[in-house]
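Just so it is clear, the structure is predicted and the values come from calculations on it, not from any experiment. Throughout, a chain's letter reflects where its sequence line sits, starting with A, and its residues are numbered from 1.
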There are 2 protein chains.
Amino acid sequence: MKSNEIKEAALKYFTIHGYEGASLSQIAEEVGLKKQSIYAHFKGKDDLFLQVLRDAKEAELSSKLHYFSKVDSQNPEKDLYGFLQLVIDLFQKNELLRFWLRMTFFPPAHLRNEIGEEVADIEEKVQSVLEGKFQDWIDAKVIVHDIAKTPTLAFVGVVDSILIELVYVNDEKRLKDKLEACWSVFWRGISHS
Amino acid sequence: MKSNEIKEAALKYFTIHGYEGASLSQIAEEVGLKKQSIYAHFKGKDDLFLQVLRDAKEAELSSKLHYFSKVDSQNPEKDLYGFLQLVIDLFQKNELLRFWLRMTFFPPAHLRNEIGEEVADIEEKVQSVLEGKFQDWIDAKVIVHDIAKTPTLAFVGVVDSILIELVYVNDEKRLKDKLEACWSVFWRGISHS
DNA sequence: TCCAACTTAACGAACGTTCGTCAGTTAGCA
DNA sequence: TGCTAACTGACGAACGTTCGTTAAGTTGGA
């Protein structure tokens, strides 16, 4: 299917150059087409962009939810650390994730609200699943804290700091150091002394 | 000085629309000039951009170093939390910081290496100051850990997660919750039980 | 089976607009 | 008189988009 080839090329250029920096002629050339031919598959640049965006959202959401649905142990140390590695793996191998990250951080101005809603939606779903897990662990007295929201937000913070490291330089050594540092301090912060 | 007015307008548009999305005509109009007149002050778009970038780097570096030079107590709880609030304050009030963040995360492709060097430079300086502080606190036995690097990187991680929250939505309530959560878990993670 | 009607994908050409940049000129001030 | 900063005018290039036109493939009824 040619539409998918176009979306793949679009994904690549949007990720590298951003919305404004990516041109339809470059994208078309990548798949051996003239830019006009894109209009046989998409209404325009915005339409192409938003379809890629929805694919990215779907990829982000499903892979995260899939991890938590599969994992159901009573071992938060293993599950949470595994999630961090999942995020690293996703980001390094899946261009959709890099695209999603860039466009949610700095969306094209005229699509700001539209994208903001998608972000809020996904954010809320992931956080509620996570919070449920933490509540279970608190009830089972395997981690400390009275309310689940605190460790949930703190863990999301650890994920954030890893993402920043991935975006910033993607130096394998630095990433490993930061992951270990953030994780060990976080874990000490939520587990029984 | 008109050059500064131009740089201020450029800062604004680069921050909102990115390098490619910001146009010289918009910037010029903002200060009541024609776009061609910008060339009386700057060699071109890149020159203008790089001058703003260096201003931003200077602002980022000096404000952070200034904080740590001023603060010299034996109270890491106060000093570190104060630093987090400084970052929040800087980001919310100083557009240079938002510009710096956007451009270091997702630099224009043709200036990637140039910007990467500036980032590495500033990163190294801030981290070494921070690491020195943590070493002092470890020696004074006011926090745990054997090596200073671990709490340093973890603290940088907390800063990162706050920055992400600021970029993402900038909802005052959410920000406060996340700050408290990240901070309390971090602090429990590095202090004596 | 065959042909006409329709659909699809891609094209060249051109649209109007904006982009960044350069050259030459004018107004004001030291 | 120079110098500077602003102007006007124009440049080639690229942008996203629309148009009309092909060529190939699909469908449906006689």
* A:K34 has an atom NZ; how far is it from atom P of C:dC11, in whole Å? -> 7 Å

* Structure fact -> Per-nucleotide protein contact along nucleotides 15-30 of chain C, 5' to 3', at a 4.0 Å heavy-atom cut-off (B base, S sugar-phosphate only, - neither), is ----BBBB--------

* Asked: Given C:dA10, is OP1 or OP2 found less than 4.0 Å from the side-chain N or O atoms of A:H41?
  -> yes

Indicate every side-chain donor-acceptor pair of residues 86-94 of chain A with a distance under 3.5 Å to a residue at least two apart or in another chain.
{"from": "A:D89", "atom 1": "OD1", "to": "A:K93", "atom 2": "NZ", "distance (Å)": "3.1"}
{"from": "A:N94", "atom 1": "OD1", "to": "A:L96", "atom 2": "N", "distance (Å)": "2.9"}

* Asked: Linking I/L/V/M/F/W/Y whenever their side-chain heavy atoms sit closer than 4.5 Å, directly or via other members, would A:I164 and B:L97 fall into one cluster?
  -> yes

* **Min side-chain heavy-atom separation B:M103-B:T15 under 4.5 Å** => no

* **B:Y19 six-ring centre to B:K45 NZ/CZ under 6.0 Å and within 45° of normal** => yes

* To do: Calculate the interatomic distance between B:N4 atom CG and D:dA5 atom P; express it in whole Å.
  => 13 Å

* Asked: Tell me: NZ of A:K2 to C1' of D:dA24, nearest whole Å?
  -> 15 Å

* Once you round it to whole Å, what is the distance between C1' of D:dA6 and CD of B:E5? -> 13 Å

* A:K2 atom NZ, over 12 foreign heavy atoms within 6.0 Å -> yes

* **Sequence neighbours excluded - ring pair (Phe, Tyr, Trp, His ring centres under 6.0 Å) pairs with any residue from residues 113-161 of chain A** => A:F83-A:F155, A:F134-A:W137, A:F155-A:F186

* Given C:dA9, is OP1 or OP2 found less than 4.0 Å from the side-chain N or O atoms of A:S37? -> no

